[in-house]
Amino acid sequence: MAKQEDDFRKVISHAKEYGYVVQSSEIYDGLSAVYDYTQNGAELKKNIREYWWKAMVQMNDNIVGIDAAIFMHPTTWKASGHIDAFNDPLIDNKDSKKRYRADVLVEDHVAKIETKINKEVAKAAKRFGDSFDKEQFLNTNPRVLGYLEKSQTILKRLGRSLENEDLADVKALIEELEIACPLSGSRNWTDVKQFNLMFGTKIGASADTAMDLYLRPETAQGIFVNFLNVQKSGRLKIPFGIAQIGKAFRNEIVARQFIFRMREFEQMEMQFFIKPGTQKEWYQKWKETRLKWHLSLGMGEENYRFHDHEKLAHYADAAADIEFKFPFGFKELEGIHSRTDFDLGSHEKYSGKKLQYFDPEINENYVPYVVETSIGLDRMFLAVFSNSLQEEELDNGTSRTVLRIPAVLAPTKAAVLPLVKKDGLPEIAHQIIDDLKFDFNVIYDEKDAVGRRYRRQDAAGTPYCITVDHQTLEDKTVTIRHRDTMEQQRVLIQELSTIISQEVDMKYWLKKI
Ligand code: ATP
């Protein structure tokens, strides 16, 4: 646990030091769970956004993209169920005055039991050596079986109480498990209450005409209310998808995991409209397609897994998360949801407008079913950034910090370094930049010895360093150094553009999906 926390702290401080992410309004001591992306972060975020948009909209002739407003008519949120059901159960500790999500307190308790299981496994593995059979151990060791049963009983009871809105039982469970406030150590809890996560605001100038609004908690509803506008103007035939990238806002109670859980964040969502009855097959298809998108970035197959939901949201008939191995363990990165006709059907009811599709193949009108893919851009950023940050031991006994961001997403593709600040080398470096900058983000760096500049670019995530030296003056060649292998090649200046584009051009990466 301590190592995990330490690794995560390193990620956060590296993000700040190398111009990726800082706390919002830091000079005023920051705003909790709100972050700003600085120069490199803004580029990385833009590249992830583009990689998703191209994979969705450009590569699929039946998917189009829109950009709906953040403000929406308030009835939208009545229809979507957010006003009535977008709640988290919260509980306050009376001594520390700290607020927690009641379900998270219980889940953290269960996670501690799971840690005990892992310890037993590690102990046994050491004892039995090569003959250790983990599966058999998990299925037969009485202590492990006891722990497993305990955690399952707790989770089942929590699930049942939440489903039945039995908040008194959630509190009773917290008391029975003797869960204490991590801050004050006390078990002096308030009752559990439901808390709506939407941010409210007002539109209009005078008090009597002002209308209550919400900042959208998801981008999906902007797609649903525009379903017919887009279908008609694009003459789209089912199956087709509408994609959108935009800000969403949630007044999260537990917001302590850097950009994993933010109050203002960005979502990349796609709603795929299909014929009722075909949802199982499309759900399966989108699960596979989205996993392929992730794997195309080469961040390790072992770092992803599906988590199929047993408890479904009010709108879904199937749902799964793609989980990623963050520094604090496997957690949801993306959701794939089979949303039935819940949203369109509900908007029909509340708006009184028909939201149906005329299917020429069967000569019938129907409300389409929907399969949604929904990923947080900031969470994807954290996945890429935390996975890329590595401390590497080198052959000569030293170590280096390297940010192995997939080259296609890297903020800066190459740094051009004159070996010395004289003899005409800086001028050639600038000429190289003037040529490459039409295609790539490139920077100039002349400060410090070249070895230190390499290290600096490794840590910033720049895939290439191009060094101009005295030989360049004679034969128009430079060295190009690869971030990941640290190998150097001597190449002609005129070859640089082709070499770099082979690694960073999105088209080569998109072809892998
Ligand atoms: P969680 O269970 O982690 O709260 P969720 O199931 O509520 O997430 P969805 O409503 O399915 O999430 O949203 C889709 C995606 O949006 C998530 O998979 C996640 O990547 C992202 N997301 C949701 N809430 C946040 C947040 N507060 N900060 C950053 N990203 C978020």
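Both ligands and their constituent atoms are indexed starting at 1 by order of listing.
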Residues which pass salt bridge (charged side-chain N to carboxylate O under 4.0 Å, His left out) with Asp36, listed by chain and number, not counting sequence neighbours:
none

CZ (Arg157) and CD (Glu176) are apart, to the nearest 0.5 Å, by 4.0 Å

Please determine whether any non-hydrogen atom of Gln267 lies less than 4.0 Å from an atom of ligand 1.
yes

For Glu252, atoms of ligand 1 separated by under 4.0 Å from a heavy atom
24 (N), 26 (C), 27 (N)

At under 4.0 Å between heavy atoms, is it the side chain or the backbone of His337 that contacts ligand 1, or both, or neither?
side chain

Under 3.5 Å, N or O to N or O, is Leu333 touching ligand 1 that way?
yes

Only heavy atoms count here, so choose which of Gln257, Arg261, Met380, His309 is nearest to atom 1 (P) of ligand 1.
Arg261

Taking atom 30 (N) of ligand 1 as the reference point, the nearest protein heavy atom with its distance:
Phe265 CD1, 3.4 Å

Do the side chain of Asp166 and the main chain of Leu162 share a donor and acceptor less than 3.5 angstrom apart?
no

Salt bridge check, Glu50 against Lys54: does any charged N sit closer than 4.0 Å to a carboxylate O?
yes

Distance under 4.0 Å to a non-hydrogen atom of Glu334: what atoms of ligand 1 satisfy this?
18 (O)

Examine Met262 against ligand 1 and note whether any of their N/O atoms are separated by less than 3.5 Å.
yes

Looking at Leu377, Ile375, Asn47, which one forms a side-chain contact (heavy atoms from CB on, under 4.5 Å) with Trp52?
Ile375

With atom 29 (C) of ligand 1 as the reference point, say which of Phe260, Tyr35, Phe381, Phe324 has the nearest heavy atom.
Phe260

With respect to Glu332, determine whether any N or O atom, backbone or side chain, lies less than 3.5 Å from an N or O atom of ligand 1.
yes

Using the six-membered ring wherever Trp is involved, compare the ring planes of His82 and Trp77 and label them parallel, tilted or perpendicular (cut-offs 30° and 60°).
perpendicular

Describe, in one word, how the ring planes of Phe385 and His14 are oriented to each other, choosing from parallel (under 30°), tilted (30 to 60°) and perpendicular (over 60°).
tilted

So, taking the atom named CG in Asp67 and the one named CG in Asn226, what distance separates them when rounded to the nearest 0.5 Å?
10.5 Å

Show the numbers, then the answer: is there a ring pair (Phe, Tyr, Trp, His ring centres under 6.0 Å) between Phe260 and Phe328?
CA-CA 10 Å; Phe260 180 82; Phe328 37 83; 5.3 Å; yes

Would you say Ile375 and ligand 1 have an N/O pair spaced under 3.5 Å apart?
no

N or O contact, Arg101 vs ligand 1, cut-off under 3.5 Å:
no

Can you name the atoms of ligand 1, numbered from 1 with element, that are less than 4.0 Å from a heavy atom of Gly376?
15 (C), 16 (O), 19 (C), 20 (O), 21 (C)

Which of the atoms in ligand 1, numbered in the order shown and given with their element, are less than 4.0 Å from a heavy-atom of Ser374?
13 (O), 14 (C), 15 (C), 18 (O)

What residues, two or more places apart in sequence or in another chain, satisfy ring pair (Phe, Tyr, Trp, His ring centres under 6.0 Å) together with Tyr37?
Phe381

Nearest non-hydrogen protein atom, atom 7 (O) of ligand 1
Arg250 NH1, 3.1 Å

